[in-house]
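Take a look at the structure set out below.
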Amino acid sequence: MRIAPSVLAADPADLATAVRQCAAGGADLVHVDVMDGHFVPNLTFGIPMVAALKRHSPLPLDVHLMIERPERLLGAFLEAGADRVAVHWEAAVHLDRLLTQIRDGGAQAGVAVNPATPVALLEEVLATADFVLLMSVNPGFAGQRFLPASLAKARQLGAALAARGLQTEIEMDGGIDHGNVGEVIASGVDTVVAGAAVFATADPAAAIRRLRARIEETAR
Ligand code: DX5
Ligand code: ZN
């Protein structure tokens, strides 16, 4: 079970501290939310920021691309040091090609889906993806409320993967906190993203450790 704190919820002027806090709290990945102001109504980090985070972060970078026409910038994000890259199903015209490009670039390939996108639409790419990123909020902002219908989507996806004997992992992103992380894990999710639950606290490293404790309680 992996924890990927989202630095979108941290102080944007001090992300070097944020990535150190992720490592200090025992997180597994650093989740980086790239937004282009078109695919989602917000603008965040670009390629130089991913390269800078790569220099500062002891942990692998989990780069979530919320951008239109991801094929234009994918190569640059891979070169900047992304260890995992998720592209949105809704933004990708040639999804199979993009996933292959991510793997060929030496990173893990993920396909992200918005809350309104059914997981049944992923059938043809399940074997080409290393992970599916299920959005449990409408993407664009940290600190939104978890959409409970996401739990059924995770179960449905888990069943589809099991039926095919695939090891593709499930990541869930949006509105996850200490109160609901148990249910999230119980629905079959392997990697949880947490923004506000980590960085909207006085001690982000302690918040990560508390999330880990909740996850371990649930897994028992
Ligand atoms: C939303 C982003 C999420 C977000 C998570 O568009 O993709 O990664 O930052 O933050 P919380 O956990 O606060 O919803
Ligand atoms: Zn994200």
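One-based numbering, in listed order, for ligands and for the atoms of each. In what follows, residues are counted from 1 in the order of the sequence shown.
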D36 side chain to F39 main-chain N or O, any donor-acceptor pair under 3.5 Å?
-> yes
Relative to the heavy atoms of G140, which atoms of ligand 1 are at a distance of less than 4.0 Å?
-> 1 (C), 6 (O)
Atom 5 (C) of ligand 1 sits nearest the protein heavy atom D173 OD1, 3.5 Å
State, to 0.1 Å, how close G182 and R214 come at their nearest heavy-atom pair, and which atoms those are.
-> CA-NH2, 4.2 Å
Decide whether an N or O pair under 3.5 Å exists between M35 and ligand 1.
-> no
Distance in Å, L121 CG paired with E90 CD, rounded so as to fall on 0.5 Å steps | 9.0 Å
Atoms of ligand 1 close to A196 [distance to a heavy atom under 4.0 angstrom, numbered from 1] | 11 (P), 12 (O), 13 (O)
Mind checking whether G175 has an N or O less than 3.5 Å away from an N or O of ligand 1?
-> yes
Atoms in ligand 1 with a heavy atom of H31 nearer than 4.0 Å = 8 (O)
Count the heavy atoms of every other residue, nucleotide or ligand shown that sit under 6.0 Å from CD of E217, and state whether that count exceeds 12.
-> yes
Return yes if a side-chain donor-acceptor contact under 3.5 Å exists between D62 and H64, otherwise no.
-> no
Is there at least one pair of N or O atoms, one from M135 and one from ligand 1, spaced under 3.5 Å apart?
-> no
the protein heavy atom lying closest to atom 1 (C) of ligand 1 turns out to be F141 O, 3.6 Å
Any non-hydrogen atom of A197 lying under 4.0 Å from ligand 1?
-> no
Side chains of E124 and D96 in contact at under 4.5 Å (non-hydrogen atoms) = no
The Zn ion (ligand 2) has as its nearest N, O or S atom from D173 the atom OD2
Less than 4.5 Å apart, any side-chain heavy atom of M172 and any of N180?
-> no
Backbone or side chain, does any N or O of N138 fall under 3.5 Å from an N or O of ligand 1?
-> no
Taking only heavy atoms of M66 into account, list the atoms of ligand 1 that are under 4.0 Å away from them.
-> 6 (O), 7 (O)
Just wondering, are more than 12 heavy atoms of other shown residues or ligands nearer than 6.0 Å to CZ in R210?
-> no
Contacting atoms of ligand 1, where contact means under 4.0 angstrom from a heavy atom of G143 | 11 (P), 13 (O), 14 (O)
Let me see the working for E169 and R2 under salt bridge (Lys or Arg N to Asp or Glu O under 4.0 Å), right down to the final yes or no.
-> CA-CA 11 Å; E169 291 185 356; R2 284 189 293 198; 2.4 Å; yes
Enumerated ligand 1 atoms positioned under 4.0 Å from heavy atoms of H64 = 7 (O)
Can you find a heavy atom in the side chain of D130 that is under 4.5 Å from one in the side chain of R84?
-> no
V34 to F45 - nearest heavy-atom pair and separation = CG1-O, 3.3 Å
Any heavy atom of G174 sitting closer than 4.0 Å to ligand 1?
-> yes
Which atom of H64 approaches the Zn ion (ligand 2) most closely (N/O/S) | ND1
Can you check whether P139 has an N/O within less than 3.5 Å of an N/O in ligand 1?
-> no
Checking heavy atoms under 4.0 Å, the part of A142 that sits near ligand 1 is both
D33: which N/O/S atom is nearest the Zn ion (ligand 2)?
-> OD1
With side chains defined as the heavy atoms from C-beta onward, is the minimum distance between V113 and L134 less than 4.5 Å?
-> yes
Number the atoms of ligand 1 from 1 as they appear, then name those within less than 4.0 Å of a heavy atom of A194, with their elements.
-> 12 (O)
Find out whether F131 and D190 are in side-chain contact, i.e. whether some heavy atom of one side chain is under 4.5 Å from a heavy atom of the other.
-> no
Ligand 1 to G195 polar contact by distance, N or O atoms, under 3.5 Å = yes
